Amino acid sequence: MTTSEVAQGFTSADAQADRWVDPELVSLARRAAAEGTVLLTNNGVLPLAPGEGVAVLGRVQIDWFAVGYGSGGDVNPPYTTTLLDSLTAAGVAVDTELAATYRSWCADQPSPNAEWGQWPRHYEEMPLDDEAITAAAQRARTAVVVIGRAAGEDRENVLEPGSYLLTEDERSLLARAAAAFKHTVVVIDSGNVMDLSWAEEMGIDALLLAWPGGMEGARAVADVLTGAVEPGGRLPDTIAYRYEHYPSSAFFGGKEHNTYTEDVFVGYRAFETFTPERVQFPFGHGLGYTTFALAATAPERDGDTVRLRVSATNTGRRPGSTVVQVYAAPATRAALGVPARQLVAFARTGQVVPGDSEELDLSFPVERLTSFDDSGATGHAHAWVLEAGEHALHVGLNVREATRVGAVSVVDTEVIEQLEEALAPDPAHPFERWSVSYAPDGAARRTIEPVPVRTTNLRERILARLPEPITAAPAVGSSLKDVAVGTISLDAFIASLEPEDLAELAYGDVTMNSPLGAPGNAGAFGGVRARLRERGIPAVTTTDGPSGIRVSAFASLLPCGTALASTWDPALIERMEALHAQEMLRKGSDVLLAPGMNIHRDPLCGRNFEYYSEDPLLTGACAAAYVRGIQSAGVSACPKHFVANNQETNRWVNDSRVSARALREIYLRAFRMVVAEAAPRTLMTSYNKVNGVWSYHNYDLVTTILRGEWGYEGLVITDWWAQHATDPNFAALSDSAYRLRAQADVLMPGAESWEHQKREDGHDQTILTALDPADLSGEHLTLGELQRSARNVLRLVLSSPAMERLEAQIALHLS
Ligand code: BGC
């Protein structure tokens, strides 16, 4: 065992070659993948009858997509599974002749190499002539056709065959299989929603949507096909007949900016309001192998809570579980344009045997019935308001089938939370947004209205709220270990640090794969310089997620975010992530750069597979469960990308222009939930600008809203590298000084930009040049601001297992 291995979090060289994975984690991953698999249609052909002959078609049965590409997919799993092997292992009577043909062809045509940002979106299909299909149909009654799509970071999916659309080869394979076999089951293994409109024309008997489920994903799909496990998934996104039907489609993919014209009408909020007929599979839809009937009590308001109970009765012939969903309709006297349906509560039953019922408590906070008024239309600008009128509640098994169970009555509009204007669009770029007006018969008409733009003076806001420098007496010569054991206060320790030390704490180590952390890490921060380690501050190791720990060593590959969201089962996510956190301890990861929790604004976003849903409540609930699980072991999660990182194209420079209302109700809302319900210790800003200001320079985003309104006390780090910019309000502040004023505490990795990364020593003097401890006017960076970020960093360091590795890191003798 070498010192360097200890420093990196390894106990021996063998650790890196160790393929052991916790069997309990494996079994939860397999369960989550099955619970996240969505059965979209089934005319009774599934589950496969015991002994049923099955011909498996499509190369993805072997070249199975277990995860997407990029930082969220670059895990080194000890193994992965294929659908063909998994079906065979499950005892399915797979047609061996066809299987042999596919095996040999796939061995000769390996799937193409994946270059960063140039990932293949699909793999060319194996040609299969009519004769081979007819012959297979004589040997087996059922065809399982597997279609696959990859997704990845730094690249969008596109509205083309081989991405959102079927290729001609796939279409032909599906059509010929459907014509030749008695039954045709289609399995879609895809990181993104893709066009499925063909399924209706082709006479498919069952359609199963399996998001990349990690190393156990293919086994989980085999479990579902055989009926060993029920397909538990419910759609976290709407599937429309055509891409052009999605509300964002006309406003997505801009090279420099995207205007969020659709505003709060994201996904089902638009479809259910304006165009229900365009939906092929509604939000929340998914079949099991049994059926359920629901009975709800009338909802009642009890102070801040709406009380509601629903009983779910298994009316079918197999045991099973279901997801009960509650949606709110707009208040009958709403002054704001509110979507026709919004998810306000959900719960999954346990296994219920036929004839039995389970009663679920679906009570929820009344604030879920509120809207954010960014214009003053209700008489209460910049406030969460509970509008007057009847708020009807609908309960069901998906958004479309939910039926009215009663209403919450509000006599006069109530202000639930009065806030101040923050993060509003730039007056230099005004735009219009969608709204809605309802006729007395309930018919909705889409309207257009101007978006309220910024009226606040950010310079004045910042100057009025400058933090004071620390007043505690400096604990000269002290160590962070003294703070850890309670001999001195953190403030006394910080007061003893020189400005140079404080500035170093604001940067990560210069590159990814820091020598201070486990090989293959994403970077380190904290004690990245010898002088800081001598003061008792260890370097903290970050590694990518969300689907596993991205290090050189082997690590478990778990279901992707969309698969997890499809479970609608936060308790399961939390249990699985608690075991994942134990693996972090074994592999030397202190901070997992996960969960990815941006909203699925558009089905073509390349990273949707890492994220959860088009709905903020489902996203927030899943992300909070994930964070609680990870942090239960003392390591940290790092929700990302804060905020409005909704496309990959030009993500470093793109400006997301979006109303304060859509930010609050859709894009910020899940982050707020995660802060309130799981207290993440770190959080990552996004690359993009939000209303003209890069998120890591964005004072209103990070200080006014995240820390001020939500009371977030953790660390904020940037996404990897940043753009150069000078603060338009304070000419002396640029780049990292501008960032610290916003309270984005650490630049990751540690160089100002890609160009600086190439230098030997990436740290420049940006912060120290901008700092003037004697100037309290705010024209320069103040000591109080520098100390404030150091406090955010050191709190995280103190909570981290890295404290145990300090001595070993010192012994590395790095500068
Ligand atoms: C991604 C982040 C990731 C980071 C480190 C960035 O390109 O956007 O999600 O955590 O790289 O790998």
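Note that these values count all heavy atoms, side chains included, but never hydrogens, waters or copies made by symmetry. Just so you know, these numbers come straight off a predicted model, no measurement behind them.
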Do the side chains of [X] and [Y] get close enough for a salt bridge, i.e. N-O under 4.0 angstrom?
| X | Y | result |
| --- | --- | --- |
| Arg31 | Glu35 | yes |
| Arg269 | Glu665 | no |
| Arg601 | Glu614 | no |
| Arg400 | Glu272 | yes |

Check the pair Val352 / Thr313 against side-chain contact (heavy atoms from CB on, under 4.5 Å), numbers first and verdict last. CA-CA 8 Å; Val352 182; Thr313 304; over 6 Å; no
Grab the two heavy atoms, one from [X] and one from [Y], that are nearest each other, plus how far apart they are.
| X | Y | answer |
| --- | --- | --- |
| Ala662 | Asp263 | CB-OD1, 3.5 Å |
| Thr291 | Asn314 | O-OD1, 3.3 Å |
| Val224 | Ala34 | CG2-CB, 4.0 Å |
| Ser566 | Pro236 | OG-CD, 3.3 Å |
| Cys560 | Ser547 | CA-OG, 3.6 Å |
| Leu558 | Ala29 | CD2-CB, 3.7 Å |

So, [X] and [Y]: side-chain donor and acceptor under 3.5 Å apart, yes or no?
| X | Y | result |
| --- | --- | --- |
| Ser190 | Asn192 | no |
| Gln647 | Asn258 | yes |
| Ser613 | Asp615 | no |
| Ser409 | Glu390 | yes |
| Ser686 | Asn645 | no |
| His380 | Asp373 | no |

Crowded around [X] [atom1]? As in, over 12 foreign heavy atoms under 6.0 Å?
| X | atom1 | value |
| --- | --- | --- |
| Glu300 | CD | no |
| Arg318 | CZ | yes |
| Asn43 | CG | yes |
| Glu713 | CD | no |
| Arg309 | CZ | yes |
| Arg575 | CZ | no |

Table please: side-chain donor-acceptor pairs of residues 674-684 below 3.5 Å, with sequence neighbours left out.
residue: Arg681; atom: NH1; partner: Val635; partner atom: O; Å: 2.8
residue: Thr682; atom: OG1; partner: Ala637; partner atom: O; Å: 2.7

Chi angles and distances behind the salt bridge (charged side-chain N to carboxylate O under 4.0 Å, His left out) call for Arg333, Glu387: CA-CA 7 Å; Arg333 290 193 276 134; Glu387 292 204 77; over 6 Å; no
Does the separation of the ring centres of [X] and [Y] fall below 6.0 angstrom?
| X | Y | answer |
| --- | --- | --- |
| Tyr667 | Tyr260 | yes |
| Phe283 | Trp568 | yes |
| Phe252 | Tyr246 | no |

Heavy-atom distance under 4.5 Å between the side chains of Arg301 and Leu386, does that happen here? yes
Taking the side chain as every heavy atom from C-beta outward, state whether Leu343 and Tyr268 have any pair of such atoms under 4.5 Å apart. yes
Start with the C-alpha gap between Asp195 and Tyr241, add the side-chain angles, then the distance that decides, and say whether side-chain contact (heavy atoms from CB on, under 4.5 Å) holds. CA-CA 7 Å; Asp195 175 51; Tyr241 282 107; over 6 Å; no
Qualifying residue for side chain to side chain contact (heavy atoms under 4.5 Å, CB included) with Val643, from Val690, Ile705, Thr685: Val690
